[in-house]
Amino acid sequence: MRKLKSFILSIAIVSALLSGSVMAAGNLNVVSTVTAEDSVSIFVKGANASDTVTAQVGTADAESVSASVISDLAVPMKTLIMLDNSISIRENDRKKIAEMMQDIISDRMAGEIMAIATFSEDVNYLCEYTSDYALLKSAIDSIEYKNQETYLTDVLCDLIPDDFSGEEDIFRRIVIISDGVDNKSLGKTREDLKAIMKENVFPIYSVGCYNKNKSNNDELENMFSISSQSSAEYYLLDDYDNVIDITTALRADRDIVRFQVVPTSEQMDGGTKAVKLTIGSESVSVECRMPQVLIKPEPSPVAEPTVEVVVEEPTTIMEEEPEAGIPWLVIAIVAGAVFFVILIVVVILIVVNNKKKNRFEAIGEDLINEFETRDERSFDNTELMDNRRPSGDDGETVFMWGNSETYHIILTDIASPAKMLTIPLTGSVTIGRKPGCDAVYDYDKSVSGRHCEISVRNGHFFLKDLQSSNGTFVNGSKILTEAEIFSGNIIKLGRLEIRFEVR
């Protein structure tokens, strides 16, 4: 009998493990939720926006549900990059970190907003949320490493509910770069952070920096557990010879699908409810806070007033004597007289004032003598102004200040975003493989010596092919002589592809 019970127990354990593995084997993974004013957005990895989808809130169906890939949204993503800038980060890692951060901002999506910050006991924003590459690049270049203690748990506990969360219907994510989380805290615990992360669901990626002198294995494990809890990946910097691989891994978020669930009015009570999405043949569940909709109470019926009949005794009406007072006719006459007097005074004042203005003031004898004795020769020293045009003017207007505008163009190698050139442009810039060019790409032999030229005229930018061997292309189209280009266009020179930006 004991052997049978043990056998049944073993089967039950194996069955439970198998059932758990089937649930975990699904491709769907909820990475973020946002509660908006009248809807709930659930961001799912591994989903297909074209599949049929239904939503269930609690035990009842939702009002409606729609799906869209976040890359199709006007503001698809909000990314915060947080760097631990303490001197415990090794020198070699600092160079790789700067290169990785450059790759991340270069690879941003159209419309994606980013912020750069450092942290110790609190967060220091070097650049607020923007899609401007120049501002983000300047923030990265300004980073300095300091002798300081870092408290990541405390920082996240304050940051997530106050600064990073909100009712904006945007996919959010944080990328943390640090050498780990220790058990020391200014007041917040890991349990506090877990509770806050449960209320605010979004991925927190972490890039760990190993320091063998510090023996920070436990600290890295603590930091990576934060990423695991938020269903996000984590990376050890030493494992990557080419840090662009980390940027490539983060790019997978572009395929996330947003499912916008609209609950019924009865479900919008501000409470936390389980939402089940059935997408195609798979399903996934997550707890979400419902929107809060104030339901106006129905007005209570108003009782009709009861009419009380009162029988009044007849009263004797006494004739009232007229009250003694000032007759209205007298008041009107007095008011008219006062107004007439005021009008006469005003007219008199105006006439007297005009006479004073038209009166000439007599000139004293002292003033006359002063004019008569003044040296007449002083009137012959009048300075003549030369109103002649400068020689060679030919009738054209001469400007006192230069009106040429200086632009700065940014040329970024698509295959290697760290290879970026920023060049001032007032007239034209030549691009090619020879050292005499303004932008030199001597590492790709498919680029001609003087391949093409970028010029600016009246605020418009033009690209001209300089009879190159392999041709010049803009967004895949070959230009024969010259074509107008815009910020964000991709220019191809032989095998080389570069992104053209203007600031």
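Worth saying up front: this structure is predicted, and the values here are computed from it rather than measured.
Atom CD of residue Glu287 and atom CD of residue Glu199 lie 9.0 Å apart, to the nearest 0.5 angstrom. Of the inter-residue distances, the one linking Ile454 atom CD1 with Ile423 atom CD1 reads 7.5 Å to the nearest 0.5 angstrom. Atom-to-atom distance recorded for Asn27:CG and Glu282:CD is 5.0 Å, nearest 0.5 angstrom.
Salt-bridge annotation for Lys96 and Glu99: absent, with no side-chain N of the basic residue lying under 4.0 Å from a carboxylate O of the acidic one. Look at Arg254 and Asp107 and you find a salt bridge, because one of the NZ, NE, NH1 or NH2 atoms lies within 4.0 Å of a carboxylate O, short of that distance. In summary, Glu112 and Arg173 engage in a salt bridge, as defined by a charged side-chain N under 4.0 Å from a carboxylate O. One finds a salt bridge joining Arg495 and Asp444 here, because a Lys/Arg side-chain nitrogen approaches an Asp/Glu carboxylate oxygen to under 4.0 Å.
Annotation: side chain of Arg499 is in contact with side chain of Ile414 (closest heavy-atom distance under 4.5 Å). Val262 has its side chain within reach of Ser39: a pair of non-hydrogen atoms, C-beta onward, lies under 4.5 Å apart. Between Ile174 and Leu159 there is a side-chain heavy-atom pair separated by less than 4.5 Å. Side-chain atoms of Leu193 and Ile160, non-hydrogen and from C-beta on, do get closer than 4.5 Å to each other. In this structure, Asn489 and Leu463 have side chains that are not in contact, with every pair of non-hydrogen atoms separated by 4.5 Å or more. A heavy-atom distance below 4.5 Å is not found between the side chains of Phe171 and Arg258. In this structure, Lys137 and Ile410 have side chains that are not in contact, with every pair of non-hydrogen atoms separated by 4.5 Å or more. You'll find the side chain of Cys288 reaches within 4.5 Å of the side chain of Ile42, heavy atoms only.
For Asp103 (side chain) and Val243 (main-chain N/O), no donor-acceptor pair under 3.5 Å exists by modelled atom type. Between the side chain of Thr248 and the main chain of Ile244, a donor-acceptor pair closer than 3.5 Å is present.
Nearest heavy-atom pair across Arg190 and Thr153 is N-CG2, 4.2 Å. Nearest heavy-atom pair across Pro203 and Arg172 is CD-O, 3.3 Å. Taking each heavy atom of Phe119 and Thr150 in turn, the nearest pair found is O-CG2, 3.7 Å. Taking all atoms of both residues into account, the shortest heavy-atom contact from Ser455 to Glu482 is OG-OE2, 4.2 Å.
Figure legend: Lys419 and Tyr443 shown as a cation-pi pair, the cationic atom lying under 6.0 angstrom from the six-membered ring centre and within 45 degrees of its axis. Relative to the six-membered ring of Tyr133, Arg108 misses at least one condition, a distance below 6.0 Å or an angle of at most 45° to the axis.
Pairs engaging residues 228-245 under the side chain to side chain donor-acceptor pair (under 3.5 Å) rule: Arg90-Asp238 [sequence neighbours left out]. Pairs engaging residues 48-68 under the side chain to side chain donor-acceptor pair (under 3.5 Å) rule: Asn48-Ser50 [sequence neighbours left out].
Residues Asp169 and Ser41 have side chains that bring a donor and an acceptor to within less than 3.5 angstrom of each other. Inspection of the Asp192 and Thr189 side chains reveals an N or O donor paired with an N or O acceptor under 3.5 Å.
Evaluated for a side chain to side chain contact (heavy atoms under 4.5 Å, CB included) with Arg94, the options Leu83, Ile143, Ile87 yield exactly one hit, Ile87.
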May I have the step-by-step check of side chain to side chain donor-acceptor pair (under 3.5 Å) for Asn470 and Ser446, ending in yes or no?
CA-CA 7 Å; Asn470 296 314; Ser446 65; 4.8 Å; no
Decide side chain to side chain donor-acceptor pair (under 3.5 Å) for Asp413 and Ser416; before the verdict, give the C-alpha distance in whole Å, the side-chain angles of both, and the deciding distance to 0.1 Å.
CA-CA 5 Å; Asp413 190 337; Ser416 181; 5.4 Å; no
